[in-house]
Every structure is written in structure tokens, then in C-alpha cells.
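Here the structure comes first, spelled out in C-alpha cells, and everything after it is commentary.
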Amino acid sequence: MTLTMYALVDCNNFYVSCERVFAPQWQGRPVVVLSNNDGCLISRSDEAKVLGFKMGEPYHQVRPLLELSQVKVFSSNYALYGDMSRRVVQVLSEFAAGVEVYSIDEAFLDFRGMNWLAPDLQRYGEQLRERVWRATGIPTCVGIAPTKTLAKLANRLARKQLNPVKMLNSKAECQAALAQTLVGDVWGIGRRYARKLREQGIMTAADLAAQPESWVRRYLGGVVGGRLWRELHGQPCLEWNPSEHEDDDEHLTPGIGRHSVTHTRSFGCPQQELAALSEAVATFAARTAEKLRRHGLAAHLVTVLLGTDRYAPGIEPATRTAVVHLPIATHDTPLLTQAALRGLRQLHRPGVAYHRAGVLLSGLETAGQGQLDLFTSLAPLPPARLQLMTVLDRLNNQFGRHTVRLAAAAGPNPGWAGRRAYQSPAYTTDWENLWQLK
DNA sequence: TCTGGGGTCCTAGGACCC
DNA sequence: TCTGGGGTCCTAGGACCC
């Protein structure tokens with residue numbers, strides 16, 4: 001029998017699990033990982049969850065409690081997590097014809113057209129999970145079902161049961177799974193929609209699926225609602241976007257069709273001076289430019305954003321943006337930095353304390369294939385400049401992110417840099433660290 | 001003192017064009 | 001009383017995801 005099936009493999013408490021691979025003394029003990037700038041909790045071990053620590057809680061609020069409960073705290077270390085993620089995907093790709101990397105800790109596998117019996121597929125899921133665990137030290141849960149949305153749902157259920165692999169193979173199994181799932185836990189239904197649905201008496205995914213499709217479309221944003229309804233009924237209608245292997249060390253949404261690249265950061269302490277803000281923005285512009293080159297893209301639009309304290313009451317919007325149009329799409333660090341600094345000068349108001357800044361590149365096209373500017377007959381970049389960027393990326397890749405940078409960017413540990421007081425060493429990627437290990 | 005960051009898709013409305 | 005209609009591009013805003 002041919003089964004039309006997708007699997008969703010999700011790494012358990014991924015950032016915590018990554019830290020534990022290199023600090024095994026924390027297995028079985030409470031651990032949390034903080035967001036950038038040590039702002040809030042973004043990953044918790046099961047033990048920390050039991051203690052009552054919540055996702056997204058501000059660190060400064062729960063810090064005394066964490067210390068009291070002897071919870072181990074890590075600052076986030078995306079270089080490490082990105083590398084571990086790549087290892088997991090590498091293993092997964094041995095088990096399916098297609099892999100779609102959905103986020104840093106999740107991937108869909110394409111099991112369509114597999115000429116197998118259901119019990120074999122269940123065992124196959126268990127094998128691949130075992131193999132990921134042995135090869136990387138990362139624990140996972142696996143959901144297998146006829147649509148991506150149902151695979152997500154099965155994955156959620158797998159987390160709660162003894163066997164971490166859950167397969168939905170019949171109408172009855174799907175129906176039972178829908179009945180066990182609260183409507184707010186369905187993929188694609190966030191807090192707003194969940195509340196709206198509960199007000200209508202829709203409590204579970206089964207309640208939602210039992211409504212007519214037209215009703216669901218009316219309440220859940222039109223076409224999106226329609227797709228969701230059909231996916232819950234076992235009709236696949238989300239696209240399959242197989243991923244190429246990517247070299248990225250951050251959160252990423254892989255695939256060819258990306259529309260923007262951004263880098264924004266909160267400051268360690270508020271900044272007023274144009275000089276310090278320029279350093280920050282130049283540094284962020286360089287980071288976006290690197291990402292652009294890594295993806296083989298060039299950008300037409302540079303958006304700079306400057307943010308004040310989001311949590312302070314006030315009438316003024318907390319974030320303002322300035323858009324700079326480039327006549328020719330580019331991925332050249334100096335050109336993008338110049339544009340970003342121009343945007344910054346437009347935005348900057350003397351005497352205002354800024355808490356965060358960012359650079360967003362959009363209007364993307366494949367590098368080197370852009371239209372030549374007919375009036376100036378300029379190619380996007382002179383060859384020497386291209387070569388310089390290639391060398392720059394290679395050096396920074398090999399010896400660490402800030403080895404070579406423009407003079408406009410900052411020196412080490414500037415005042416605007418975020419806090420990361422509890423970061424683990426870059427076990428897998430840092431050149432100096434590898435050197436010490438020898 | 002201290003509250004993350006990077007993405008996606010969809011819709012509505014205005015400007016502009018023929 | 002009539003004061004077109006359809007297509008496209010852009011932006012802003014709302015919803016969602018991890």
C-alpha cells in the first residue's frame with residue numbers, strides 16, 4: 001500500500017539540548033537559555049518547566065527564583081545551535097527523499113510515495129529518531145500524518161506520550177488526535193484566533209474541523225482558514241519546499257524565495273550619540289551584507305530602524321524607519337553601509353535615548369543577474385571589489401566574525417553591544433577553541 | 001537598571017494608468 | 001441623476017510561526 005505521509009521531526013528543548021551535549025553534567029537538571037541581550041527565557045529544560053518557568057519570561061523578573069532553584073542559565077549561542085542543527089538535518093536527509101527545514105529545530109520529511117505498511121513506517125520513525133540521538137546527542141519527537149498540519153499535531157501528541165513517535169494513519173486516529181488537541185494548539189492558530197474561536201464555542205481541533213469550511217474561512221482570514229480546514233481533514237494543501245543545505249548560523253527560514261534579510265539588536269544600555277549609533281548600524285549593515293552574499297543575493301532597498309524604549313508609555317511610536325533606495329542592487333558591504341548610515345542620519349534626533357537599532361535589506365534579486373543601469377552603464381560591482389568581499393567573508397568565517405571589518409564599524413566591546421553574561425564556548429565553530437582542544 | 005530576533009502570508013486602501 | 005472599470009504597484013497593518 002502506498003501511504004501519502006509527511007513526518008515532522010522536532011528537537012526537544014533544542015537550545016538547552018545543544019548546551020547539554022557539551023555540558024553533560026546538566027543532563028537531568030534544570031537549565032534555561034536566554035534570548036539575545038540576556039532579555040528573556042527562550043528555551044527551558046523539562047525540569048525548568050516543572051519548576052514553573054515560562055517561555056518568554058523576562059530574565060530580570062525571574063532571576064532570583066532561578067538562583068534559588070539552582071537553575072543553570074546560558075546566554076544564547078547561535079553559532080553552536082546553527083551547527084548542531086546542520087548535523088541533525090544531515091542525519092535526517094539519510095532517511096527521506098526530501099527534507100524541508102522549517103526552523104532551526106524542526107524539519108519536515110517527505111514520505112510520499114513510500115510503498116510501505118503502516119507498522120513499518122512507525123518503526124522507521126523510531127529508527128531515525130534513534131539515529132539522530134546517537135549521531136548528535138539531540139533528543140527529538142516525530143509526528144507522522146497525511147498532511148503537514150496533522151504531522152505538526154501528531155508531533156505535539158508525541159511529546160506527551162511515552163513513545164516519542166506518533167503516527168496518524170486512519171480517519172479514526174486523526175479524529176481522536178483532533179479531539180485531544182485544544183484549538184489554540186493547532187499550527188496556524190495564534191492567541192487572537194484562539195480567543196475568537198473559543199467565544200464561538202470552538203474548544204478543540206475536532207470542533208473546528210466539524211464546522212463547514214465556509215464558516216472557518218469567515219472566521220480565520222479567508223484563504224488561510226480554508227487551507228487550514230482542509231489540512232485538518234487530511235487533504236494536503238500546503239506547499240512542499242525542499243531545502244538546500246544552508247550555511248547559516250542563525251534563525252532562518254530557508255528556501256530560495258526569501259524576500260528580506262534583517263539584523264536588529266537591542267543595546268546593552270541606551271545610546272544617544274550619533275557616533276556610537278553609527279558604529280552599531282555599520283556593524284549591523286555588515287552582518288546583513290554577509291547574509292546576502294551567503295545566499296547569493298543583492299538588495300535594492302536598505303531600511304534602517306531606530307527604536308526607543310518599547311515599554312515606556314508614550315504617544316510617539318517606539319520604532320521609526322528610514323528607507324534608502326539604491327539605483328543598483330548590491331551586496332557590497334561599503335555601499336550598503338553608506339546607505340544605512342544615510343538612513344541613520346535622517347532618523348537620528350539629538351537627545352533621544354535609543355534602545356535598539358536594525359538594518360533590513362529588501363528588494364532582493366539574485367546577485368549578478370540584476371539589470372545594468374543603462375544610463376551609467378555601471379556593472380553592479382567592479383571585480384576587485386567582489387574579490388575583496390569574498391576574502392573578507394572567508395577570513396571572518398575562518399577566524400571569527402569580527403576579524404576583519406570596516407573602520408566605520410566598532411572596536412571590541414562597545415557600549416551598545418548586548419549583554420551575554422552566560423555564554424558557553426563555541427565548541428564546534430570557534431577557531432581558538434578548537435586550537436585549545438588539541 | 002533589567003522585557004529577543006527573524007521571518008512569512010494576507011488584506012485593505014490609495015495612487016496611478018489605460 | 002449620473003459621475004467607468006480593471007490592473008498593478010506600493011504601503012501599512014494584522015495575523016501567524018519558531
Side-chain angles (χ1 to χ4, degrees), chain A residues 8 10-15 32-43 54-64 66 73 75-78 81-82 85 101-108 148-149 152 155-156 184-197 217 219-228 238-239 241 246 248-270 284 287-288 291 295 300-301 303 305 307-312 317-319 321 323 325 353 355-364 418-421:
Chain A
L8 177 68
D10 187 312
C11 300
N12 303 347
N13 316 329
F14 183 56
Y15 298 168
V32 299
V33 174
L34 305 179
S35 64
N36 264 314
N37 212 24
D38 292 346
C40 44
L41 278 51
I42 52 169
S43 183
K54 302 272 178 279
M55 181 74 176
E57 264 184 323
Y59 174 54
H60 70 92
Q61 282 175 13
V62 291
R63 186 174 178 171
L66 287 165
V73 175
S75 301
S76 42
N77 184 345
Y78 290 106
Y81 312 148
S85 177
V101 178
Y102 176 68
S103 74
I104 195 162
D105 67 341
E106 280 175 63
F108 288 101
K148 285 179 164 183
T149 305
K152 271 285 229 187
N155 188 286
R156 269 196 76 81
D185 291 336
V186 174
W187 189 36
I189 297 187
R191 279 222 302 279
R192 299 283 170 91
Y193 283 162
R195 197 176 60 199
K196 213 159 134 184
L197 289 168
R217 290 176 70 107
Y219 278 93
L220 301 184
V223 293
V224 178
R227 278 206 291 261
L228 180 68
L238 295 177
E239 269 185 51
N241 303 309
E246 294 229 17
D248 205 329
D249 56 4
E250 315 224 349
H251 290 277
L252 54 87
T253 306
I256 345 143
R258 74 160 56 214
H259 297 126
S260 63
V261 166
T262 82
H263 190 80
T264 80
R265 284 289 179 275
S266 301
F267 301 139
C269 47
F284 300 168
R287 292 287 293 123
T288 55
K291 285 189 208 178
H295 292 285
H300 269 290
L301 261 59
T303 303
L305 77 249
T308 53
D309 186 357
R310 279 183 291 176
Y311 300 92
T319 304
T321 58
V323 184
H325 293 252
H355 286 235
R356 49 199 287 270
V359 174
L360 182 151
L361 305 180
S362 58
L364 304 185
R419 285 177 297 275
R420 34 161 71 180

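Below, chain A is the first sequence line, B the second, and so on; all start at residue 1.
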From the set [options], return the single nucleotide nearest to any side-chain atom of [X].
{"X": "A:Arg192", "options": "B:dG5, B:dG4, C:dA15", "answer": "C:dA15"}
{"X": "A:Pro58", "options": "B:dT3, B:dG5, C:dC17", "answer": "B:dT3"}
{"X": "A:His60", "options": "B:dG6, B:dT3, B:dG4", "answer": "B:dT3"}
{"X": "A:Asn36", "options": "B:dG4, C:dC18, B:dG7", "answer": "B:dG4"}
{"X": "A:Gln61", "options": "B:dG7, C:dC18, B:dT3", "answer": "B:dT3"}

Hey, does [X] reach any base, or is it just sugar-phosphate, or nothing, if we go heavy atoms under 4.0 Å?
{"X": "A:Arg191", "value": "sugar-phosphate"}
{"X": "A:Tyr193", "value": "sugar-phosphate"}
{"X": "A:Ser76", "value": "nothing"}
{"X": "A:Ile189", "value": "sugar-phosphate"}
{"X": "A:Asn37", "value": "nothing"}
{"X": "A:Val323", "value": "nothing"}
{"X": "A:Asp38", "value": "nothing"}
{"X": "A:Glu106", "value": "sugar-phosphate"}

Atom [atom1] of [X] and atom [atom2] of [N]: how far apart are they, to the nearest Å?
{"X": "A:Ile42", "N": "B:dT3", "atom1": "CD1", "atom2": "P", "value": "14 Å"}
{"X": "A:Leu41", "N": "B:dC2", "atom1": "CG", "atom2": "P", "value": "18 Å"}
{"X": "A:Lys148", "N": "C:dC16", "atom1": "NZ", "atom2": "C1'", "value": "15 Å"}
{"X": "A:Asp309", "N": "B:dG4", "atom1": "CG", "atom2": "P", "value": "10 Å"}
{"X": "A:Tyr81", "N": "B:dG4", "atom1": "OH", "atom2": "C1'", "value": "13 Å"}
{"X": "A:Phe267", "N": "B:dG5", "atom1": "CZ", "atom2": "C1'", "value": "14 Å"}
{"X": "A:Leu228", "N": "C:dA15", "atom1": "CG", "atom2": "C1'", "value": "13 Å"}
{"X": "A:Leu197", "N": "C:dC16", "atom1": "CG", "atom2": "C1'", "value": "14 Å"}

N/O to N/O distances under 3.5 Å, protein versus nucleotides 10-14 of chain B:
from	atom 1	to	atom 2	distance (Å)
B:dC10	OP1	A:Arg227	NH1	3.3
B:dC10	OP1	A:Arg227	NH2	2.9

>> Testing the basics here: between A:Thr264 and A:Val359, what is the closest heavy-atom pair and its distance to 0.1 Å?
In response: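 Shortest heavy-atom contact: CG2-N, 4.4 Å.
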>> Restricting to non-hydrogen atoms, name the atom on A:Arg420 and the atom on A:Ser75 that form the minimum distance, rounded to 0.1 Å.
In response: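 Between these two residues, the closest heavy atoms are C-OG, 3.2 Å.
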>> Taking only the P atom of each, what is the distance from C:dG4 to B:dG14 in whole angstrom?
In response: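 Per the computed distance, 16 Å lies between those P atoms.
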Can you sort out the partners of [X] under side chain to side chain contact (heavy atoms under 4.5 Å, CB included), two or more places apart, ordered by chain and number?
{"X": "A:Ile189", "result": "A:Val183, A:Val186, A:Tyr193, A:Ala194, A:Leu197, A:Leu208, A:Leu220, A:Leu228"}
{"X": "A:Ala107", "result": "A:Leu92, A:Val99"}
{"X": "A:Val224", "result": "A:Arg227"}
{"X": "A:Ser35", "result": "A:Cys40, A:Ile42"}

> Starting at the 5' end of DNA chain B and moving along, which residue's nearest nucleotide shows up first, A:Gly39 or A:Val261?
Replying inline: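 Per heavy-atom nearest nucleotide, the more 5' residue is A:Gly39.
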> Can you tell if the side chain of A:Trp187 reaches within under 4.5 Å of the side chain of A:Leu238, non-hydrogen atoms only?
Replying inline: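 Yes, their side chains come closer than 4.5 Å.
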> What pairs with A:Glu106 under salt bridge (charged side-chain N to carboxylate O under 4.0 Å, His left out), at least two apart in sequence or on another chain?
Replying inline: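 Listed in chain order: A:Lys152.
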Has [X] got a side-chain N or O lying under 4.0 Å from the OP1 or OP2 atom of [N]?
{"X": "A:Lys196", "N": "C:dA15", "value": "no"}
{"X": "A:His263", "N": "B:dG5", "value": "no"}
{"X": "A:Ser266", "N": "B:dT3", "value": "no"}
{"X": "A:Thr262", "N": "B:dG6", "value": "yes"}
{"X": "A:Thr264", "N": "B:dG6", "value": "yes"}
{"X": "A:His355", "N": "B:dT3", "value": "no"}
{"X": "A:Ser103", "N": "C:dC17", "value": "no"}

> side chain to side chain donor-acceptor pair (under 3.5 Å) with A:Asn241: which residues, sequence neighbours excluded?
Replying inline: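 Here no residue qualifies.
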> Which residues pass the side chain to side chain donor-acceptor pair (under 3.5 Å) test with A:Ser266, sequence neighbours left out?
Replying inline: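 None.
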>> Between A:Asp10 and A:Asn155 (side chain of the first, backbone of the second, donor and acceptor by atom type, cut-off under 3.5 Å), is there such a pair?
In response: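 Judged by distance alone, no pair lies under 3.5 Å.
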> Got a donor-acceptor contact below 3.5 angstrom from the A:Ser76 side chain to the A:Leu34 backbone?
Replying inline: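 Flag set: sc A:Ser76 to bb A:Leu34 pair under 3.5 Å.
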>> My validator wants the stems of DNA chain C: runs of 3 or more consecutive Watson-Crick or G-U pairs, both distances under 3.5 Å, written as range with range.
In response: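 DNA chain C forms these stems: B:5-18 with C:5-18.
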